[in-house]
Each structure stands twice: as C-alpha cells, then as structure tokens.
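Inspection log for the structure reproduced underneath, given as structure tokens.
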Amino acid sequence: MGPSMRPRQHIDRKDLYTNLEARIQYLHSFIDFSSNDIEALISGSKYIKQLIPAIVNIVYQKLLQYDITARALETRSTSYEGPVDDNLNENSPQIMHRKMFLRAYLAKLCSDPSTLEFWEYLDKVGMMHTGRGREHPLHVEYVHIGACLAFIQDTLTEALLSHPRLRLEKKIALVKAIGKVIWVQNDLFAKWYVRDGDEYAEEMEQKKVEAEGFLHGKKILDDIEEGLPSSPTCPFSGLSATTATTDACTGCGDKAEKEGGCTSKLPIRTHVETT
C-alpha cells in the first residue's frame with residue numbers, strides 16, 4: 001500500500017496547543033522521527049559532543065558580531081551574580097557564564113530523545129526566551145532565535161559531513177537525526193511566540209519559575225556548576241584562518257589507532273571574525 005493509500009490520521013487541533021506530548025507525537029510522525037533517528041543520535045553522540053566546545057565559541061563570536069544580539073547578552077541571568085563588563089567580549093564573565101549553559105544544552109541534545117522529559121526541557125528552553133519562567137525575564141525576539149538555530153545546524157552539518165572516519169551512511173543518519181531534533185526545537189520556540197491557538201490559552205499548562213538547567217524541580221543539564229572548566233581559549237588558536245580543525249573523537253579508528261590515540265583531525269568551520 002503506497003503512502004497515498006494510508007488511512008488519514010486525525011489530529012486534534014486543541015491538543016496541539018494544550019498537550020505537549022500530543023504535539024511532539026504529531027511532529028515526530030510528520031517528519032518521520034523514528035527509532036532509527038534515536039539510535040543514530042545515541043550511537044553518534046560522542047562525535048557531536050567532541051565538537052561542542054568549538055561550536056559554542058563560534059556561536060558566541062557570531063552573537064557578539066551584531067549589536068542587536070550582543071545587547072541581549074548584557075541582561076543578567078537569573079543565577080548570575082558576577083561583575084558586568086560594559087565592553088562585552090568572549091572572555092567577559094557573563095559570556096563565559098552563558099557559554100557554560102550552551103555547552104550543557106548542546107550536550108542535552110545528544111541525550112536520549114525517546115523520553116518525554118527530553119522534549120519537555122526543549123519546550124522550557126523556548127518558553128524561557130519569551131520572558132516567562134525566569135525571576136528576571138529574558139526577551140529574545142524570534143528572528144534571532146531562528147537565525148541562531150540555523151547557524152548551529154549549519155555548523156554541525158558541515159563538521160559531521162567532513163568527518164574523516166565516519167562512514168557515509170552514518171554521517172547521513174546523524175545529520176538527519178540532529179536536524180530533526182533542531183527543527184522540533186525550533187517549533188518549541190515558535191509555539192511561545194506565535195499567536196496560533198490563543199483561544200485555548202486558559203487551558204494551556206502554566207509554567208512555573210525555575211532555575212536554568214532544572215525541570216520540575218530536578219536538575220536536567222549536566223556540567224553547569226560554577227568552577228567547572230569553561231574552555232576560555234579558542235580551540236582554533238594557533239591554526240590558520242582557513243584550515244581550522246579539532247581533534248576527532250577517540251574510538252573512531254581501528255584497534256591499533258585506539259590504543260595509540262586517535263590521530264585524525266576533524267575539519268570544522270573557521271573562526272567568525274568580529275570587530
């Protein structure tokens with residue numbers, strides 16, 4: 001039976017706005033997010049995690065490149081109590097603090113997406129950027145959210161497709177899977193910005209204020225404790241501006257290479273120049 005002959009599924013419109021699990025199930029069905037994607041993410045998470053420090057630095061270089069996005073970074077976060085630097089740069093205390101959370105968030109994207117908790121946290125991330133759920137509200141307009149997600153996806157895609165030792169079929173599976181997760185995250189941002197479904201506002205779940213990295217009172221992000229290494233130096237320092245690389249994940253080579261340490265290099269996007 002071809003796709004055109006499949007029974008038409010009923011989707012309850014109200015559920016899309018009042019029931020997160022129903023919304024996630026619909027999105028998964030529509031974009032064909034399956035156990036194959038979950039397996040690809042779990043088995044390939046080591047490759048993505050190895051890229052995270054470089055990606056975080058690149059993302060914050062990009063955000064600091066424009067006054068309108070840099071301005072948002074001047075807002076103190078709920079838990080930040082350190083000094084404020086009027087001349088923001090990559091080494092400013094508040095930027096180092098935000099990098100810590102972005103590292104933990106990207107690592108979370110590599111965890112188990114088969115649980116509802118995974119998607120509940122992504123939904124909370126979307127909500128927190130619209131002035132809700134924080135003691136000190138944060139407002140980031142959606143145009144910048146969408147642009148940043150696209151930039152992260154593009155950077156990840158380029159790095160994964162350039163991996164020197166991943167088989168092509170594994171590259172394809174991993175790029176497809178992480179792309180689907182990012183697009184669901186994009187929807188879970190958009191749902192807090194758009195006005196669709198406003199007639200059900202009174203029946204939507206009301207989010208309570210919690211500290212960043214927590215969901216339902218439980219710590220959901222790892223490695224966000226103060227004092228942890230924050231990789232203040234750029235992983236590309238000392239490399240040419242046109243051929244940036246980062247060490248490939250150990251364990252991707254053959255047995256002999258594993259024992260001697262992985263010697264391959266993983267190409268990744270070059271520095272974003274800022275002024």
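The line from CG of Asp187 to CG of Asp123 is 9.0 Å long, rounded to the nearest 0.5 Å. Rounding to the nearest 0.5 Å places CZ of Phe189 at 8.0 Å from CG of Leu122. Annotation: the span from Ile55 atom CD1 to Ile152 atom CD1 amounts to 8.0 Å, rounded to 0.5 Å. Atoms CG and CD1, from Leu156 and Ile182 in turn, are 5.5 Å apart once rounded to the nearest 0.5 Å. Expressed to the nearest 0.5 Å, how far OG1 of Thr18 lies from CG of Asp12 amounts to 7.5 Å. Distance check, rounded to the nearest 0.5 Å: CE of Met100 to NE2 of His97 gives 4.5 Å.
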Check: Under the side chain to side chain contact (heavy atoms under 4.5 Å, CB included) criterion, do Ile48 and Leu174 qualify, and how do the steps go?
Finding: CA-CA 9 Å; Ile48 297 176; Leu174 193 50; 3.9 Å; yes
Next item on the list: Take Val125 and His129 through the test side chain to side chain contact (heavy atoms under 4.5 Å, CB included) and record every step on the way to the result.
Entry: CA-CA 7 Å; Val125 170; His129 285 74; 4.0 Å; yes
Next item on the list: Check the pair Tyr47 / Leu51 against side chain to side chain contact (heavy atoms under 4.5 Å, CB included), numbers first and verdict last.
Entry: CA-CA 7 Å; Tyr47 303 106; Leu51 295 169; 5.9 Å; no
Next item on the list: Carefully, step by step, assess Phe151 and Ile58 under the rule side chain to side chain contact (heavy atoms under 4.5 Å, CB included).
Entry: CA-CA 10 Å; Phe151 184 72; Ile58 290 170; 3.5 Å; yes
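Looking at Lys171, its side chain does come within 3.5 Å of a backbone N or O of His163 through a donor-acceptor pair. A distance-only check finds a donor-acceptor pair linking the side chain of Asp37 to the backbone of Ser34 [under 3.5 Å]. The closest donor-acceptor contact from the side chain of Lys180 to the backbone of Ile31 lies under 3.5 Å. In this structure, Ser92 contributes its side chain and Gln94 its backbone to no donor-acceptor pair below 3.5 Å. For the pair Ser29 (side chain) and Tyr26 (backbone), a donor-acceptor distance under 3.5 Å is absent.
Heavy-atom contacts from other residues, nucleotides or ligands closer than 6.0 Å to CD of Glu169 number more than 12.
The heavy-atom pair separating Cys110 from Lys49 by the smallest distance is CB-CE, 3.8 Å. Of all heavy-atom pairs spanning Asn89 and Leu64, the tightest one is C-CD1, 3.7 Å.
Under a hydrophobic clustering in which Ile, Leu, Val, Met, Phe, Trp and Tyr are joined whenever their side-chain heavy atoms come within less than 4.5 Å, directly or via other members, Phe30 and Ile11 fall into the same cluster.
The shortest distance between side-chain heavy atoms of Ser43 and Lys170 falls below 4.5 Å. When side chains are defined from C-beta on, Leu138 does not count as touching Met128, because their heavy atoms never get closer than 4.5 Å. Inter-residue side-chain proximity for Val59 and Thr155 is flagged as unmet; no heavy-atom pair is nearer than 4.5 Å. Taking 4.5 Å as the limit, some side-chain heavy atom of Arg23 sits within range of a side-chain heavy atom of Tyr17.
Only one option out of Ile38, Leu41, Ile42 pairs with Ser114 in a side chain to side chain contact (heavy atoms under 4.5 Å, CB included); it is Ile38.
Aromatic ring orientation, Tyr142 versus Tyr193: tilted (interplanar angle from 30° to 60°). Ring geometry for His28 against Phe33 counts as tilted: the plane angle lies between 30° and 60°, on a 0 to 90° scale.
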